[in-house]
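Before any comments, here is the structure.
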Amino acid sequence: MSPSATAAVGVEANRALAWEEFQAGALSLRSRPFKASIEITRNCNYKCIMCAQSWNPLYARYNPAFNMKPATFRKIAHELFPSLEYAHLQGYGETVISPHWPEILEMCRPYEGKVRFGLVTNLSRRDPAMWRRMVEMGFAIIFSCDGATAETFEKIRVGGDFSHILENLEVIRRARAEFPGRGLLDFHMTLQRLNYREMPGMVDLAARFGADRVTFASVKGNGAVGYHLGRAASWVREGKLDWRAIASMGRAALRLVQLNPRQLLRPGTVGVSIYDVPKGRLLEAKRAAQERSRATGMPLVFEDSYLLELGEETGGRIPDLAAGIEGSVQVARHQKCFKPYSYVVINYKGDVGLCNHLIKDESWKQMGSLEESTFEEIWNSAAYREMREKLLNARPDNPSCRWCFAHRMAD
């Protein structure tokens with residue numbers, strides 16, 4: 001459907017049609033995506049130890065060319081926003097440091113109340129009026145924090161100032177009190193060897209500033225190799241070697257090959273993986289966080305099956321946490337991916353990609369360019385049809401997609 005046709009039938013009907021086509025296994029679609037990630041900038045003012053921006057020379061310095069042009073955003077809004085229910089204005093950089101961000105934010109105003117907006121942010125920019133305006137517009141503010149104390153936060157998120165972050169959190173807390181019920185505040189913590197002990201502290205910090213939830217993700221890193229190889233080895237010892245074990249070993253080998261040698265030149269960027277933490281200690285921290293969750297009423301989300309199942313009696317089955325579209329993000333459970341039907345990602349250059357988890361250079365799956373084609377032409381292109389077929393039939397063709405089919409339980 002064209003933007004005008006989508007507007008005529010409505011966002012709800014478009015979403016229902018997308019789900020119907022997904023279930024039917026359609027490859028050429030009449031529906032359009034109803035969620036999008038739009039990369040406002042690829043620049044970032046932090047050099048987090050677990051992120052390629054801390055060791056890849058491409059990101060060593062601020063580059064104006066990495067900022068999306070307002071004209072590009074205007075075209076995206078015109079072609080996509082009529083069908084969207086959610087626009088995630090962030091990619092592989094820190095959105096709010098773009099010099100064009102104030103202008104882009106104003107471009108979103110005509111869609112206020114029609115499209116929900118959100119972004120992941122390090123909360124570094126000192127601009128109380130901007131944060132207040134974003135709360136007023138109902139933004140989902142996903143605060144990427146990674147430390148409940150100044151020492152841990154600043155060690156991991158190099159370039160950050162924890163006291164400054166607390167000031168911005170207070171601005172947001174007050175704005176949310178002024179505009180009750182608008183938007184979302186999610187504390188997003190990527191667990192790793194340096195911070196897993198602060199899981200309960202993160203729950204308390206989120207409660208202090210009136211957050212809606214805490215999401216725990218995990219840094220897989222090089223430790224994932226050891227985890228998967230160790231798991232496969234245990235299957236060999238137990239006489240249970242099968243194709244899944246072989247596939248697991250293959251995935252681990254691929255990750256090993258992808259180790260960037262430049263990481264070895266950056267102290268602290270290797271060996272941060274959550275898989276490097278003994279399971280007993282991680283479970284102790286998880287249970288302490290769950291206790292603080294019960295005490296404060298702060299909901300917790302575990303983003304992957306490794307964290308979710310740790311210490312839980314699941315009988316080897318992934319719990320059924322949701323149904324329908326909401327549950328479709330549980331790729332590890334369903335062995336199908338709804339993203340090629342529901343979600344689109346666009347980088348700062350206007351390139352259209354497959355999924356918000358494929359925004360990094362090493363895993364980018366480009367479907368086309370808005371500089372060369374309309375979105376309508378890209379959405380049902382041969383490249384898109386091919387990827388829909390692969391991800392409907394559990395044949396992911398890159399490490400990031402394979403990880404989702406093995407672990408993904410939340411988005």
Side-chain angles (χ1 to χ4, degrees), residues 36-48 51-81 84 86-112 115-145 157-165 167-169 171-172 175 183 185 188 344-353 356 359-361 364 366 369-371:
S37 284
I38 302 164
E39 185 178 54
I40 305 303
T41 183
R42 188 157 290 192
N43 289 301
C44 188
N45 54 338
Y46 282 9
K47 299 299 177 188
C48 302
C51 178
Q53 291 224 9
S54 70
W55 67 77
N56 190 330
L58 185 64
Y59 308 113
R61 293 180 177 83
Y62 176 87
N63 186 344
F66 288 162
N67 299 321
M68 177 177 281
K69 298 174 183 176
T72 302
F73 185 85
R74 187 176 292 109
K75 179 180 181 180
I76 292 168
H78 173 72
E79 295 197 22
L80 267 80
F81 281 17
L84 292 188
Y86 178 65
H88 189 79
L89 304 184
Q90 186 259 344
Y92 196 41
E94 174 56 32
T95 295
V96 301
I97 70 170
S98 167
H100 307 304
W101 175 239
E103 183 179 355
I104 288 173
L105 191 58
E106 286 305 308
M107 288 185 202
C108 296
R109 279 199 179 275
Y111 301 94
E112 188 177 345
V115 179
R116 291 184 294 110
F117 295 101
L119 78 173
V120 176
T121 174
N122 60 30
L123 223 62
S124 60
R125 179 165 173 165
R126 291 194 169 187
D127 189 343
M130 179 203 70
W131 295 116
R132 181 183 177 278
R133 185 161 65 253
M134 288 169 61
V135 171
E136 181 187 6
M137 293 176 65
F139 264 74
I141 298 174
I142 304 167
F143 168 40
S144 187
C145 38
R157 303 189 72 75
V158 178
D161 182 329
F162 193 64
S163 62
H164 172 190
I165 297 302
E167 292 173 6
N168 280 339
L169 282 170
V171 168
I172 292 171
L185 179 59
H188 193 279
V344 65
V345 59
I346 303 173
N347 73 6
Y348 68 97
K349 295 183 288 185
D351 296 333
V352 176
N356 54 310
I359 193 69
K360 297 180 182 179
D361 290 328
W364 175 252
Q366 185 178 346
S369 170
L370 290 173
E371 295 293 316

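Fair warning: this is a prediction, and the values are worked out from it, not measured in the lab.
Atom CE of Met68 sits about 10.5 Å away from atom NE2 of His100, to the nearest 0.5 Å. Atom CD1 of Ile40 sits about 10.0 Å away from atom OG1 of Thr72, to the nearest 0.5 Å. Taking OG of Ser98 as the reference point, atom CD of Gln90 lies at 12.5 Å (rounded to 0.5 Å).
No side-chain donor-acceptor contact under 3.5 Å links Trp131 to the backbone of Leu169. Arg157 places a side-chain N or O within 3.5 Å of a backbone atom of Ser144 that can act as its donor or acceptor partner. A donor-acceptor contact shorter than 3.5 Å is absent between the side chain of Gln53 and the backbone of Cys48.
Under the salt bridge (charged side-chain N to carboxylate O under 4.0 Å, His left out) criterion, Glu94 pairs with no residue, sequence neighbours left out. Under the ring pair (Phe, Tyr, Trp, His ring centres under 6.0 Å) criterion, Phe117 pairs with Phe81, Phe139, not counting sequence neighbours.
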### Message
Please evaluate residues Arg109 and Glu112 with respect to the criterion salt bridge (Lys or Arg N to Asp or Glu O under 4.0 Å), reporting the C-alpha separation (whole Å), side-chain torsions for both, the decisive distance (0.1 Å), and the verdict.
### Response
CA-CA 5 Å; Arg109 279 199 179 275; Glu112 188 177 345; 3.6 Å; yes
#### Entry: Thr41/Asn67 under side-chain hydrogen bond (donor to acceptor under 3.5 Å, both in side chains): CA gap, chis, key distance, verdict
CA-CA 4 Å; Thr41 183; Asn67 299 321; 2.6 Å; yes
Please output the side-chain donor-acceptor pairs of residues 344-351 that fall under 3.5 Å, not counting sequence neighbours, one pair per line with the distance.
from: Asn347; atom 1: OD1; to: Lys349; atom 2: N; distance (Å): 3.0
from: Asn347; atom 1: OD1; to: Gly350; atom 2: N; distance (Å): 3.2
from: Asn347; atom 1: OD1; to: Asp351; atom 2: N; distance (Å): 2.9
from: Asn347; atom 1: ND2; to: Asp351; atom 2: OD2; distance (Å): 3.3
from: Asp351; atom 1: OD1; to: Gln366; atom 2: NE2; distance (Å): 3.4

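Partner of Asn122 under the side-chain hydrogen bond (donor to acceptor under 3.5 Å, both in side chains) criterion, chosen from Asn168, Asn45, Thr95: Asn45.
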